[in-house]
2 protein chains.
Amino acid sequence: MSRLDTAADPQPVDRRQRRRDAKLATIVAEAWDLARRDYGLTGISLRDVAERVDLRQPSLYAYFDSKLALYDAMFADGYRQLLEQVVQLPQVDDPREALVRFVEFCVRFSSDDVVRHQLLFQRTIPGFEPSPESYALALEFFAIGRQKLAAVGVTDPDGADLFTGIVAGFAAQQVANDPGGDRWVRQSRRAIEMFLADIDRHTKSRKASR
Amino acid sequence: MSRLDTAADPQPVDRRQRRRDAKLATIVAEAWDLARRDYGLTGISLRDVAERVDLRQPSLYAYFDSKLALYDAMFADGYRQLLEQVVQLPQVDDPREALVRFVEFCVRFSSDDVVRHQLLFQRTIPGFEPSPESYALALEFFAIGRQKLAAVGVTDPDGADLFTGIVAGFAAQQVANDPGGDRWVRQSRRAIEMFLADIDRHTKSRKASR
DNA sequence: GTCTATACATCGATAGAC
DNA sequence: GTCTATCGATGTATAGAC
């Protein structure tokens with residue numbers, strides 16, 4: 001929590017915590033790998049995950065209270081990956097071009113990992129609800145999307161729904177019909193230009209009626 | 001198979017077959033109901049399904065070779081519902097208006113039954129692949145979509161991908177964020193008009209460069 | 001924290017009698 | 001076709017040694 005105890009006690013708690021966090025990260029990573037390779041998200045078994053990280057199944061309970069808690073950690077991990085990559089997007093001055101790049105990135109991100117897309121954007125696991133802490137990461141991402149939208153002048157709910165519908169659809173189609181490919185990534189620019197033309201049309205017609 | 005044996009034996013095979021088909025339909029209907037009510041698609045258990053149709057769990061294997069075979073029957077059933085409703089859409093002369101109505105119907109169809117949408121349009125069940133016979137029904141539906149697209153002059157793959165991306169996204173958002181509602185159904189007209197405007201723009205620019 | 005051992009409930013699936 | 005009985009695998013969870 002702080003560095004007040006480092007003088008008398010050279011970071012033993014931090015060390016343990018770091019080891020624990022590293023093991024947690026390993027477990028989550030191996031769970032992703034299992035889900036990707038064979039079984040899908042609901043197909044992974046805690047016994048298999050434990051074996052991958054050189055633990056017995058009951059020992060996983062030292063890290064996760066339940067299988068759903070593991071899913072929650074994976075959910076948070078996925079959104080951390082997403083946020084980490086979003087902030088690394090190259091800065092673009094033109095907000096319209098920035099929106100295009102943002103959408104291309106989102107669709108590509110989904111295409112890169114099908115099971116990750118399923119966990120983050122589809123609600124496919126029975127009984128799973130992200131914890132408030134994990135969902136806060138999702139909200140953080142959505143806020144970035146809203147901000148990019150606002151930068152091109154879209155602040156009304158209908159316009160936002162139109163936008164999210166396009167992005168969700170391109171990601172879904174990319175994952176379902178061309179996983180790992182770029183068939184809908186390539187159409188993203190055209191889609192957003194189409195969307196922006198529609199925004200312009202609506203803005204003009206509203207101005208004209210005033 | 002044939003009617004050669006009906007003289008001596010008044011349709012006993014047909015009768016049995018009809019009873020069997022009726023029972024099959026009941027099983028599928030109850031499976032849908034269970035998936036909708038509580039558990040989701042992967043959450044239904046064969047024991048619960050069997051109980052609903054007054055059978056013991058192993059007796060279901062007289063009708064389905066496996067749980068995946070039950071999913072396959074549900075998949076086919078869902079596409080039959082879709083096709084049945086599509087052909088009942090009121091005839092509209094203007095192909096652009098017809099396309100709008102078609103998309104509104106598709107999004108509403110998804111909104112009407114979330115688990116049906118998941119089985120038909122998302123690939124969420126580990127290990128499930130529709131059989132060729134069931135998938136033929138899906139292809140039949142896709143052909144109708146292509147035909148409606150061709151009627152407004154869209155025959156190129158890019159335009160088709162743009163279209164399917166929009167429809168898939170609106171359906172997905174409707175199901176995920178407003179199940180049973182009409183938030184994205186209401187935006188469908190605007191989305192398709194936006195799409196058609198983009199088609200016009202591309203057609204013009206191609207003409208101009210000739 | 002990690003282990004062994006164990007328990008319980010549920011699940012898909014199979015064998016074999018009728 | 002339907003049943004009873006049973007199997008192996010699974011998720012969940014706990015007790016207790018180290």
Side-chain angles (χ1 to χ4, degrees), chain A residues 11-28 30-32 34-35 37-75 119 124-129 131, chain B residues 12-28 30-32 34-35 37-75 115 119 124-129 131:
Chain A
Q11 314 169 4
V13 177
D14 285 2
R15 271 221 154 80
R16 263 176 217 157
Q17 189 62 37
R18 212 168 290 178
R19 273 198 177 283
R20 187 185 163 81
D21 289 347
K23 191 82 177 180
L24 272 167
T26 309
I27 295 170
V28 169
E30 292 296 332
W32 279 126
L34 274 175
R37 283 188 191 284
D38 313 293
Y39 313 108
L41 275 171
T42 60
I44 59 177
S45 86
L46 294 185
R47 281 174 176 84
D48 287 345
V49 174
E51 191 185 5
R52 287 281 206 109
V53 296
D54 291 313
L55 284 180
R56 307 293 171 158
Q57 172 257 334
S59 303
L60 281 182
Y61 282 79
Y63 297 94
F64 299 102
D65 289 340
S66 70
K67 195 182 186 182
L68 290 181
L70 173 58
Y71 286 133
D72 192 56
M74 295 169 76
F75 182 90
L119 183 60
T124 178
I125 298 177
F128 172 65
E129 284 277 324
S131 63
Chain B
V13 176
D14 285 4
R15 270 222 154 80
R16 262 175 217 155
Q17 189 61 37
R18 210 169 288 179
R19 274 199 175 281
R20 188 186 162 81
D21 288 347
K23 191 82 176 179
L24 273 166
T26 310
I27 295 170
V28 169
E30 292 296 333
W32 278 127
L34 274 174
R37 284 187 191 285
D38 313 293
Y39 312 109
L41 274 172
T42 60
I44 60 177
S45 82
L46 294 185
R47 278 172 177 83
D48 287 346
V49 175
E51 192 185 4
R52 289 281 205 109
V53 296
D54 291 314
L55 284 178
R56 306 293 171 158
Q57 174 255 332
S59 303
L60 282 182
Y61 283 79
Y63 297 94
F64 299 101
D65 288 340
S66 70
K67 196 183 186 183
L68 291 180
L70 172 58
Y71 286 132
D72 191 56
M74 296 170 76
F75 182 89
V115 294
L119 182 60
T124 177
I125 298 178
F128 172 65
E129 284 277 326
S131 64

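In what follows, chains carry the letters A, B, and so on, assigned in the order in which the sequence lines appear, proteins first and then strands, with residues in each chain numbered from 1.
Residue A:Arg16 contributes atom CZ, which lies 8 Å from atom P of C:dG1 at whole-angstrom precision. Distance CG (A:Leu55) to C1' (C:dG1): 9 Å, rounded to an integer number of Å. Per the geometry, CD belonging to B:Glu51 stands 16 Å off P belonging to D:dT2, to the nearest Å. Between the OH atom of B:Tyr63 and the C1' atom of D:dT2 there is a distance of 9 Å, rounded to whole Å. Rounded to whole Å, the distance from CG on B:Asp48 to C1' on C:dC11 is 11 Å. Protein atom CZ of B:Arg56 is 17 Å distant from nucleotide atom C1' of C:dT10, rounded to whole Å. Summarising the geometry, the separation between CZ on B:Arg15 and C1' on D:dG1 is reported as 19 Å, rounded to the nearest angstrom.
In the displayed structure, B:Arg56 atom CZ is contacted under 6.0 Å by at most 12 heavy atoms of other residues, nucleotides or ligands.
Residues satisfying the side-chain contact (heavy atoms from CB on, under 4.5 Å) criterion with A:Pro126, sequence neighbours excluded, are A:Thr42, B:Thr42. For B:Phe128, the ring pair (Phe, Tyr, Trp, His ring centres under 6.0 Å) partners at least two apart in sequence or on another chain are B:Phe75.
Evaluation of the side chain to side chain donor-acceptor pair (under 3.5 Å) test over residues 63-72 of chain A, restricted to residues two or more places apart or in two chains, returns A:Asp72-A:Ser131, A:Asp72-A:Ser134.
As judged by a 4.0 angstrom heavy-atom cut-off over every strand, A:Phe64 is placed among residues making no nucleic acid contact.
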Review item, side-chain donor-acceptor pairs of residues 48-55 of chain B, under 3.5 Å, at least two apart:
from: B:Asp48; atom 1: OD2; to: B:Ser45; atom 2: OG; distance (Å): 3.4
from: B:Arg52; atom 1: NH1; to: B:Glu30; atom 2: OE1; distance (Å): 2.5
from: B:Arg52; atom 1: NH1; to: B:Asp33; atom 2: OD2; distance (Å): 3.4

Can you give one letter per nucleotide of nucleotides 12-18 of chain C, 5' to 3': B if a protein heavy atom sits under 4.0 Å from the base, S if only from the sugar-phosphate, - if neither? BBB----
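For D:dG1, the OP1/OP2 oxygens have no side-chain nitrogen or oxygen of B:Ser59 closer than 4.0 Å.
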